[in-house]
Peer 1: 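I have a structure here, written as structure tokens, and I will follow up with some questions on it.
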There are 2 protein chains.
Amino acid sequence: MQSFTEENYLKIIYHLSLNTESAAQTNAIAERIQTKAASVTDMIKKLADKKLVDYKKYQGVKLTESGKNAAINIVRRHRLWEVFLVEKLNFKWDEVHDIAEELEHIKSPELIERLDEFLAFPKNDPHGDPIPDKNGKLDNTVFIKLSKLKTGDKGLIMGVSEHSSVFLQHLEKVGLTLGKQIRITEITDFDGSVELSIENKQINVSREVAKHILIKI
Amino acid sequence: MQSFTEENYLKIIYHLSLNTESAAQTNAIAERIQTKAASVTDMIKKLADKKLVDYKKYQGVKLTESGKNAAINIVRRHRLWEVFLVEKLNFKWDEVHDIAEELEHIKSPELIERLDEFLAFPKNDPHGDPIPDKNGKLDNTVFIKLSKLKTGDKGLIMGVSEHSSVFLQHLEKVGLTLGKQIRITEITDFDGSVELSIENKQINVSREVAKHILIKI
DNA sequence: CTATAAGTTTAGACAAATCTAAAAAAATAT
DNA sequence: ATATTTTTTTAGATTTGTCTAAACTTATAG
Ligand SMILES: [Mn+2]
Ligand SMILES: [Mn+2]
Ligand SMILES: [Mn+2]
Ligand SMILES: [Mn+2]
């Protein structure tokens, strides 16, 4: 069983490794975990001793099979708790991440299975991210960034790739929430900002925002 | 804000001080918290520095007003989570304590207020213990031990004063659960064991068990 | 009232996770 | 190819919470 801290490292390494084959770098981990590179090196050694990561000096780290399983489990817990907070306790989607950061470390496997059942086995968390099942299986459908669409394209909002509170609150305010249908009406030449129609309203989002909205056509 | 460990000490000191005016003793704390007396002394000093306990060497500790508030808050969280686990996730009353020991340390006050609301502001936990309200107010009705009743006395089971899994499972098995009405039919001379009728059945419980069942007449 | 026992504290050490500063390796630029 | 910059690691210190062994205080028994 891993400590609270070890779990945080595993999860960060997992996220850093998601869309790449290359190893996670010390500095990248340090930045995400809000610590110093020296501390990361220490922890990496410890995780390597426990066979949770493969580590070669100066070459970064990769999760082993067993490390990856542990990480996916943490992700599962995090996302199930987020669903609970939004669906049952009526938190908004921008308020749940920090609380889930704590709840994800509660160890009882029985608790998570029952929570999953209580929530009716949700497939996605409030941000559209897939929830691994109890065997660690994970839907890895990849959605298209809104910023890749062309004028006239239609689609459904399926997720976001940025989870900060300001960003999520902004989306909420302009009505860009999960499940909504959108159609691109224009892409501004000058700044690449996207004009789109959603529920009979016309709104404009910056290219920066559009990059972090995930669409299913 | 207190650490996980500090919170555990505060809670134990609170429980040890409940039915007494005298200070909590080092060894008693050590035993409850599964540590050594020397460690307790160290932690007590730290809590005293933080004005959470009053401490005079060799004289034990008492919670200050602020320490007591913190402790009651932890008790509130513990008991609300226990209700959640039993009412919403269908855990049995003997299965929830250890999980609640972890959940009680999740810090968000907003989370607890919403959980309280979600559970419809329960007054008691699954073991009959009162849940402090958000201002720390706590129903301190004292119930009578089943072992104090005389032949012919009737009453309702309101709580237990022993929370071990074996004990709770035993009560479950013989049908002595919260809210049930009982009537004492005989008290055995030989061993003081109690014969009682409950839902038209006759059962016998040892004096030791009877001491830990709390009754409202 | 003194001797012994029980309970508590101190001193010094240790493990986990962190940090700063300096050294070493790798990447990049000229 | 060499110099410079960036990244990573090491060395040594620090903090939190723990431990053992020894010293000290308080309680108890004769
Ligand atoms: Mn999150
Ligand atoms: Mn999420
Ligand atoms: Mn409990
Ligand atoms: Mn309880």
Side-chain angles (χ1 to χ4, degrees), chain A residues 1-14 16-17 20-63 67 70-71 74 101-102 104-105 107, chain B residues 1-17 20-63 67 70-71 74 101-102 104-107:
Chain A
M1 198 94 293
Q2 292 90 34
S3 72
F4 189 105
T5 314
E6 288 166 349
E7 286 195 340
N8 280 335
Y9 275 88
L10 290 173
K11 192 181 53 164
I12 298 295
I13 297 168
Y14 174 76
L16 286 173
S17 312
T20 170
E21 269 306 292
S22 52
Q25 302 190 84
T26 306
N27 269 348
I29 298 169
E31 195 190 333
R32 288 270 201 124
I33 230 158
Q34 298 270 64
T35 187
K36 297 296 150 72
S39 311
V40 174
T41 303
D42 288 345
M43 180 55 79
I44 281 173
K45 285 179 184 166
K46 195 175 160 194
L47 295 175
D49 286 347
K50 293 190 172 190
K51 312 268 189 223
L52 293 164
V53 299
D54 286 323
Y55 171 54
K56 266 165 285 167
K57 264 194 202 180
Y58 295 100
Q59 302 307 127
V61 278
K62 282 185 182 179
L63 293 172
I74 302 160
E101 285 291 302
E102 293 189 59
E104 71 188 7
H105 300 290
K107 294 297 191 299
Chain B
M1 197 94 294
Q2 293 89 34
S3 72
F4 189 106
T5 314
E6 288 166 348
E7 287 195 338
N8 280 335
Y9 276 88
L10 290 173
K11 193 181 53 164
I12 297 295
I13 297 168
Y14 173 78
H15 284 308
L16 286 173
S17 313
T20 171
E21 269 306 293
S22 52
Q25 297 186 331
T26 307
N27 268 347
I29 298 169
E31 195 191 333
R32 288 270 201 125
I33 230 159
Q34 297 272 62
T35 186
K36 296 297 150 72
S39 311
V40 173
T41 302
D42 288 344
M43 180 55 78
I44 282 173
K45 285 179 184 165
K46 194 174 161 195
L47 295 175
D49 286 347
K50 293 189 171 189
K51 312 268 190 224
L52 293 165
V53 299
D54 286 323
Y55 170 54
K56 267 166 283 167
K57 265 192 203 178
Y58 294 100
Q59 303 306 129
V61 278
K62 283 184 182 181
L63 293 172
I74 301 159
E101 285 291 302
E102 293 189 59
E104 70 186 7
H105 300 291
I106 306 289
K107 292 297 189 301

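The analysis underlying the following values was restricted to heavy atoms, covering all of them including side chains, and did not include hydrogens, waters or symmetry mates. Numbered from 1 within each chain, the chains take letters A, B, ... in sequence-line order.
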Peer 1: Going by side chain to side chain contact (heavy atoms under 4.5 Å, CB included), A:Asn8 matches just one of A:Arg32, A:Glu104, A:Gln34. Which one?
Peer 2: A:Glu104

Peer 1: Could you check which of D:dT7, C:dT8, D:dT9 has an atom nearest any side-chain atom of A:Gln25?
Peer 2: D:dT7

Peer 1: Separation of B:Lys50 atom NZ from D:dT15 atom C1', in whole Å?
Peer 2: 12 Å

Peer 1: Which residues satisfy the ring pair (Phe, Tyr, Trp, His ring centres under 6.0 Å) test with A:Tyr58, sequence neighbours excluded?
Peer 2: none

Peer 1: Take atom NZ in B:Lys50; do more than 12 heavy atoms of anything else shown fall under 6.0 Å from it?
Peer 2: yes

Peer 1: Measure the distance from NZ on B:Lys56 to P on D:dT25 and round it to the nearest whole Å.
Peer 2: 17 Å

Peer 1: Quick one: A:Asn27 CG to C:dA27 P, roughly how many Å, whole number?
Peer 2: 14 Å

Peer 1: Using whole Å, report how far CD of A:Glu6 lies from C1' of C:dA15.
Peer 2: 12 Å

Peer 1: By nearest heavy atom, map A:Ala38 and A:Tyr58 onto DNA chain C; which one lands nearer the 5' end?
Peer 2: A:Ala38

Peer 1: Under 4.0 Å between any heavy atoms, over every strand shown, what does B:Thr26 touch: base, sugar-phosphate, or nothing? Just pick one.
Peer 2: sugar-phosphate

Peer 1: For B:Thr5, report the nucleic acid contact type (base, sugar-phosphate, nothing); a contact means any heavy atom under 4.0 Å.
Peer 2: sugar-phosphate

Peer 1: Would you compute the distance between atom CG of A:Asp42 and atom OG1 of A:Thr35 and round it to the nearest 0.5 angstrom?
Peer 2: 9.5 Å

Peer 1: State whether B:Ser39 places a side-chain N or O below 4.0 Å from either non-bridging phosphate oxygen (OP1 or OP2) of D:dC19.
Peer 2: yes

Peer 1: Would the distance check show the side chain of B:Lys62 and the main-chain N or O of B:Glu21 forming a donor-acceptor pair, the cut-off being under 3.5 Å?
Peer 2: yes

Peer 1: Using a cut-off of less than 4.0 Å, is there contact between a side-chain N or O of A:Tyr55 and OP1 or OP2 of D:dT9?
Peer 2: yes

Peer 1: Whole Å only: how far is the CE atom of A:Met43 from the C1' atom of C:dC19?
Peer 2: 14 Å

Peer 1: Donor-acceptor pair, A:Glu102 side chain versus B:Lys107 backbone, under 3.5 Å?
Peer 2: yes

Peer 1: A:Tyr9 side chain N/O closer than 4.0 Å to the phosphate oxygens (OP1, OP2) of C:dT18?
Peer 2: yes

Peer 1: Which atom pairs link the protein and nucleotides 12-14 of chain D when you take only N or O atoms and keep those under 3.5 Å?
Peer 2:
none

Peer 1: Using a 4.0 Å heavy-atom cut-off, does B:Phe4 contact any base of the nucleic acid, only the sugar-phosphate backbone, or nothing at all?
Peer 2: nothing

Peer 1: Work out which heavy atom in A:Ala24 is nearest to a heavy atom in A:Ile29; give both atom names and the distance.
Peer 2: CB-CD1, 4.2 Å

Peer 1: Tell me whether the side-chain N/O atoms of B:Lys36 come closer than 4.0 Å to OP1 or OP2 in C:dT8.
Peer 2: no

Peer 1: Can you check whether A:Lys57 has a side-chain N or O nearer than 4.0 Å to OP1 or OP2 of C:dA26?
Peer 2: no

Peer 1: Using a cut-off of less than 4.0 Å, is there contact between a side-chain N or O of B:Thr35 and OP1 or OP2 of D:dC19?
Peer 2: yes

Peer 1: Rounded to the nearest angstrom, tell me the gap between atom CD in B:Gln59 and atom P in D:dC24.
Peer 2: 18 Å

Peer 1: For the pair made of CD1 in B:Ile44 and C1' in C:dT10, what is the distance, rounded to whole Å?
Peer 2: 14 Å

Peer 1: Distance check, rounded to the nearest 0.5 Å: A:Glu6 atom CD versus A:His105 atom NE2?
Peer 2: 11.5 Å

